[in-house]
2 protein chains.
Amino acid sequence: MANEHEPAKPHRITISTVAAALGVAVSTVSNAYNRPDQLSADLRERVLAMAAELGYPGPNPVARSLRQQRAGAVGVLFAERLPYAFRDPAALMVLEGIASTLEQAKLGLLLVPGRDDDTTTVQQALVDGFIVYSMMDTDPLVEAALKRRLPTVLLDQPPRPDVPSIIVDDEAGARMATEHLLSLGHRHFAIITDRLIETHVRPSHAPINVQTQSEATFFVTQLRLQGYRQPLEQAGIAWSDVPIYDCNDNNEADGAAAIQILLARTPRPTAILCLTDRLALGAIAGAQQAGYNVPEQLSIVGFDDIPQATRITPALTTIRQDHRQKGLSAGQALIELLAGQSPTGYQRLAVELVVRDSTAAI
Amino acid sequence: MANEHEPAKPHRITISTVAAALGVAVSTVSNAYNRPDQLSADLRERVLAMAAELGYPGPNPVARSLRQQRAGAVGVLFAERLPYAFRDPAALMVLEGIASTLEQAKLGLLLVPGRDDDTTTVQQALVDGFIVYSMMDTDPLVEAALKRRLPTVLLDQPPRPDVPSIIVDDEAGARMATEHLLSLGHRHFAIITDRLIETHVRPSHAPINVQTQSEATFFVTQLRLQGYRQPLEQAGIAWSDVPIYDCNDNNEADGAAAIQILLARTPRPTAILCLTDRLALGAIAGAQQAGYNVPEQLSIVGFDDIPQATRITPALTTIRQDHRQKGLSAGQALIELLAGQSPTGYQRLAVELVVRDSTAAI
DNA sequence: CTATACTTCTGAATCGTTACAGAAAAACGT
DNA sequence: ACGTTTTTCTGTAACGATTCAGAAGTATAG
């Protein structure tokens, strides 16, 4: 019985405390927990009983993780600050999809906090891999995550070589939205976006012009703007004539504020392209409040097809994408990576125009 | 220069790979990352450069965690299966509150998956503490979490000695709801709940009787039923005369189904007490679809005051609780525990009756 | 009774860091 | 020039498990 007579350490009970108390090898205690077939049922009982008596909380997961080289969780990096993740309906559906696959694989889902300037949380996240979802292109957290050299999947991010990406055909969706409005005869367009330019850089709340658009910091924002632009120019509408209002945030209130400004312009736009449904819902509400009739006087189209899109009157015409599937695909791809397989290439998910009641012929 | 000439291990680059390549001590490399003041700027640069060249991903967080005895994340155990967490509006607000405090403390939020039968995910979660939220009283995952002997906070759980609890005055809320309906002159009540009895045990979809209620498996369910019961009996209404319909799940569809059954009973209830707003919203929709007028023919009151409660017509009379604050309090309490302080006792959050348009005098 | 095969248990190496005491070198004051 | 302080760097002991080769001990077969 290896019995040290030290001044009684504070009280951290480990596997070897239990082993010592019983006079058995630590490996035996370990086996009692992990390989019942490696020791007699009798001894195993005694080990477990002694563990209970000593208040041993079971094998320390961190030590186990170190030894086994697996954390049993994947980290999710999301653009918004952590709490906002729980507010955005589209993001929630994506997270739900991710969570579904992870749950089946018995993996935990670690939401990693962290404002760009501080990457330590990413560097120290106890995970086996990352899903990077809708981060600003320039966000240092993305770099930090990639530097970890863990299996990683990009979602709504600019693709990179050697990193599997799930991408959505945002550009096609934006084109479909625009063509729909054009086919209804609209000629005066305006666009509502968010976070096209970082808040502290943006000069004012006025619609911004075409020059500054190149600084777009979200990949999908760029894709969607691109998709709006092409059919417009093809229809002979100068891109520089299309006012773009840049909101601080993706929410209904900002959308409502944006529409007020845009409606005051001359010529008054009759067709509004919103980069997200939340902005569009806000725009509808704002327009109605200002006394405009949607869609008679003003057509509005969103992007995302969140559940709320059908609950507003008029129901929102929008571009549908399968958010849940995005999450599922991302989770699945990551799980394949973790299993050492190379995932099924990078996936491109289709979108679909859903015409409802917020758009009409001019 | 300690130079082993082995057959070149696969390729796992660690701190000592870098140290060896540079001919310095491992502690120096460690210091380069964690204590810049402990070595010359020059050497530090060289270390970092070599690390970059070798593709060293930085200090392994698991090893660091083992050494430092901290994981930098807290685990959240939630009743629903992982993906459902992202669907329940009330749960989302709670999670948002939790996430807010954790983010400030730079802690990650680990959503732990796991169906009762398998507790390994809880046992192996790489966390510094747990928040146990709205789990079935008998769920083995709760036991498993407590057995970890980590700082833990209970939220919407039956309190236990030595474990801080945040609890909401559900019983008072339920009383207020009932008294409100009584004061409107109602005498024929019915209750819609969910998961009062585990699905596989429950015999049928018919309203269940009073005997089986003792098996209630969610703490808040018990509290709320208790709160309904007392004023009813005080008003001379026999508890056994109040039909209770038990849904499989907390969602609108189940609420809508429940109301159909209840309205078919004689005497037809004129006042419905719903354990959650989601059930209530479903009940309103279901009643309307069956041709009943709410609140003229039927008063319905919910519980939770989720945002959707105001968006339905008629707007839902309900009991408001501050979900976000629940999350904040829980997070705060856990953070205090982690800091070695004993948190500000256990908290009891108040609730409030919000009368809207779904209730009226009979 | 011996050779062979199982069971059951042990010891030491390993996972990749950080912390700490102290050695070596450089800077300083007088 | 010499003791003293400061700066820079090193070696090694934790952290708490798992793994694996093998030592005892037992059972099985011939």
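Lettering follows sequence order; numbering is per chain, from 1.
- Computed from coordinates, the B/D37 CG to D/dT6 P distance equals 15 Å when rounded to whole Å.
- The two residues B/D128 and B/L150 come nearest to each other via the heavy atoms O-CB, 3.9 Å.
- Closest contact between the side chain of B/V24 and the listed nucleotides C/dT17, D/dT19, D/dT10 involves D/dT10.
- Using cut-offs of 30° and 60° for the angle between ring planes, the B/Y56 and B/Y33 rings count as perpendicular.
- Note on B/R64: every side-chain N or O is 4.0 Å or more away from OP1 and OP2 of C/dG16.
- Of the side-chain N and O atoms in A/Y56, one or more sit less than 4.0 angstrom from OP1 or OP2 of D/dA17.
- Atoms CG (A/L39) and P (C/dT10) sit 9 Å apart, rounded to a whole Å.
- Contact annotation: B/N60 does not reach the phosphate of C/dT17 (side-chain N/O to OP1 or OP2, under 4.0 Å).
- Among the atoms of the strands shown, base atoms are found under 4.0 Å from some heavy atom of B/S27.
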Could I get a table of every N or O pair under 3.5 Å where one atom is in the protein and the other is in nucleotides 21-27 of chain D?
none

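- The nucleotide whose nearest atom lies closest to any side-chain atom of B/T28 is, among D/dC9, D/dG16, C/dT18, D/dC9.
- Residue B/R67 places no side-chain N or O under 4.0 Å from the OP1 or OP2 atom of D/dA14.
- Taking both residues in full, the closest heavy atoms of A/G55 and A/I13 are given as O-CD1, 4.0 Å, listed atom of the first, atom of the second, then distance.
- Heavy atoms of B/V62 sit nowhere under 4.0 angstrom from any nucleic acid atom.
- With no hydrogens or angles considered, a side-chain donor-acceptor pair links B/Q325 and B/S329 at under 3.5 Å.
- When the P atom of D/dA17 is taken as reference, atom CD1 of A/I13 falls 11 Å away, rounded to whole Å.
- An OP1 or OP2 oxygen of D/dT19 is reached within less than 4.0 angstrom by a side-chain nitrogen or oxygen of A/R35.
- Of all the heavy atoms in B/R12 and B/T17, the pair that sits closest is O-OG1, 3.8 Å.
- As rounded to whole Å, 10 Å separates atom C1' of D/dT19 from atom CD of A/Q68.
- In terms of heavy-atom proximity, B/V142 sits nearest to B/M136 at CG2-O, 4.2 Å.
- Among the atoms of the strands shown, base atoms are found under 4.0 Å from some heavy atom of A/L66.
- Inspection of the B/T120 and B/D118 side chains reveals an N or O donor paired with an N or O acceptor under 3.5 Å.
- Closest-nucleotide positions on DNA chain D for B/Q69 and B/R44 were compared, and the one nearer the 5' end corresponds to B/R44.
- A close approach under 4.0 Å does not occur between any side-chain nitrogen or oxygen of B/S40 and OP1 or OP2 of D/dT7.
- Position along DNA chain D of the nearest nucleotide to B/A25 versus A/P61 favours B/A25 as the more 5'-ward residue.
- When rounded to the nearest whole Å, the span between CD of A/Q123 and C1' of C/dT17 equals 15 Å.
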